[in-house]
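What follows is one structure encoded as structure tokens, with my remarks underneath.
Note that this is a predicted model, so its numbers are computed, not measured. Atoms considered below: every heavy atom in the structure, side chains included; atoms not considered: hydrogens, waters and symmetry mates. Just follow the structure's listing: the first ligand is 1, and inside any ligand the first atom is 1.
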Amino acid sequence: MATLITNLSVLAGLGAALLLLLTYTYLVRLNIILQSTPEAIQKVSPKRWTKEELRQTYQRLEKNPITLKDYADRIPPKLDRRYIITGGSGLVGGYIVLQLLERGQPPESIRIVEFRPLNRTDMLNGPASTVDFVKTDISSAESTDKAFEKPWPSSVANRPLTVFHTAAVIVPSDRSKLVYGLCESVNVRGTQNVLNAARKAGADVLVSTSSGGVSIRPIELWISPWKLLTSTKESMPEMKNYLQVMDEKDFFEPPRKHEEHFANYAVSKAAAERIVCGANSPELRTGSIRPANGVYGQPGDNTLGGALAMGGVPDLMLICYSWCAHIIQPFVHGINVAIVHLYFEAILASNPNAPQAGRPFIITDPNPPISYLDMYYAIETLSITPFRLIRLPPITMWFLSYIVEWYSLLPVKYPLLRNILPELKGDLKHMKPGLFSVTTHMVATNENASRAVDEGGLGYTGFLTTLEGMAQEILDWNKEHKDEKQARKYQTSISFADEIAKAAEAAGVMEKLGK
Ligand SMILES: *[C@@H]1O[C@H](CO)[C@@H](O)[C@H](O)[C@H]1NC(C)=O
Ligand SMILES: *[C@@H]1O[C@H](CO)[C@@H](O)[C@H](O)[C@H]1NC(C)=O
């Protein structure tokens, strides 16, 4: 009897040890897959940036910085029209305003409809600072109508009206339908409000900024243990959607289900895009631009600007991204995104039956995608503010992301917990599984946008490459930080989203209180 028990406990011990070993092997292998770079994308983007080419580009730009004048000949000619730009002080909207002014649109023919105050250094002086600014909450139909109905100076009041709708809220990683409200109210209802107001105001062209993220599918992390453990090192299985092509195909197919998008943000941008494109008619021609993937080009952008702003302190945000240095992704400069809005407008304004109308076009910088390591390396090499990259195993971040998601949904599911559980602070709260889908290996195609206009394209060629655009942004950053010890805090669109969420929550509480 005693020997039987001993034998059993030895067996149980062995079993537990084996299970532990298998789990460990499973996770190690999963981590190897998460740190891999598929051969197919290495072929598309084989070269990493070198110190020499970064320095050379930087020095060239130091002598000849990129200014509006440099690409003035790429901006389509001035039109005798009026312009409303929602989000007109943001990354894309701001560049649209600057390009309109550069081509000679009088400031009084332009109106910025925007939630946050104008705070771009390149807009605080000069003609951009004289453009009309109407503080507006697009999630409110009343506020939006008011901004559109405001009378125009008589010199331009009779001109046809173009609307560029670039305003949106960016919440990068929430997936749960339980917290869809914010994206829904600003991005979907907000877009419907802008469209309705545009119609009432008699607009005949509306171009909206969509997102390359609309086409992204969630990546499937968990691979069956059987498959993973029985494969050899050479024949490791692939993670589903680990490498993706960003294009417009999904638009011509039935809408995807909520779970087939990487996050709530994409769900809302897809819905908004269909609202805009679906409204196309000869009276109001519409279309959308999908920037792919991260837009950069201002200190407040979430990609390069966000990383620069970390300074020497390894901020949580950077830790959130530190696992993805090997990831290869396309980026697109705000200047490239803005100018393609103007191409689209020129087409829709000149031809009521343009075949380009009523659909999205994806655009990216005119070069192969880069890796996050390239970007971090550029900062390390060129920035005068300190920068330190800590590389963490992706698998640990994956675990963390599920815990963060679970934890942040608790007070939503159980309101009683709202006052008990401390809220996650800073960028840690964005460390949710959706982040891994939007930060996986990707290529984007300019195939349709770069076609000639008479072949149904937008004639987009791209003005800035990612190397030039990022070097220029770091150059501007260095100029602004010449005499400062620490990195300045700029508001990124993601931190801006937190502010809107807080404001919305406060408004909701007030409403409940009947105030
Ligand atoms: C404007 O930007 C500066 C950084 O250049 C920042 O310090 C300031 O708080 C911002 N102001 C507003 C109102 O957002
Ligand atoms: C280009 O546009 C066509 C429709 O005109 C669409 O069917 C196709 O999927 C698009 N290509 C890409 C790569 O998105």
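Each of the atoms 9 (O), 14 (O) of ligand 2 lies under 4.0 Å from some heavy atom of K249. Of all atoms in ligand 2, numbered sequentially from 1 with element shown, those under 4.0 Å from a heavy atom of F252 are 4 (C), 6 (C). Every atom of ligand 2 with a heavy atom of T445 under 4.0 Å away is listed here by number and element: 13 (C). For ligand 2, the atoms sitting less than 4.0 Å from at least one non-hydrogen atom of R359 are 1 (C), 2 (O), 4 (C), 5 (O), numbered in the order shown with element in parentheses.
Between K177 and E259 there is a salt bridge, since at least one side-chain N of the basic residue sits less than 4.0 Å from a carboxylate O of the acidic one.
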* To do: Go through the steps for H341 and Y95 under the test ring pair (Phe, Tyr, Trp, His ring centres under 6.0 Å), then give the verdict.
  => CA-CA 10 Å; H341 280 71; Y95 278 121; over 10 Å; no
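Where the criterion is an N or O separation shorter than 3.5 Å, residue side chain and backbone included, E248 meets it with respect to ligand 2.
For atom 3 (C) of ligand 2, the closest heavy atom belonging to the protein is N448 ND2, 3.8 Å.
Taking the six-membered ring for Trp and the full ring otherwise, Y372 and F331 have centroids separated by under 6.0 Å.
Defined by atom type and a distance below 3.5 Å, a donor-acceptor pair is present between the side-chain atoms of H165 and T191.
Remark: side-chain polar atoms of Q105 are not paired, donor with acceptor, to backbone N or O of I110 under 3.5 angstrom.
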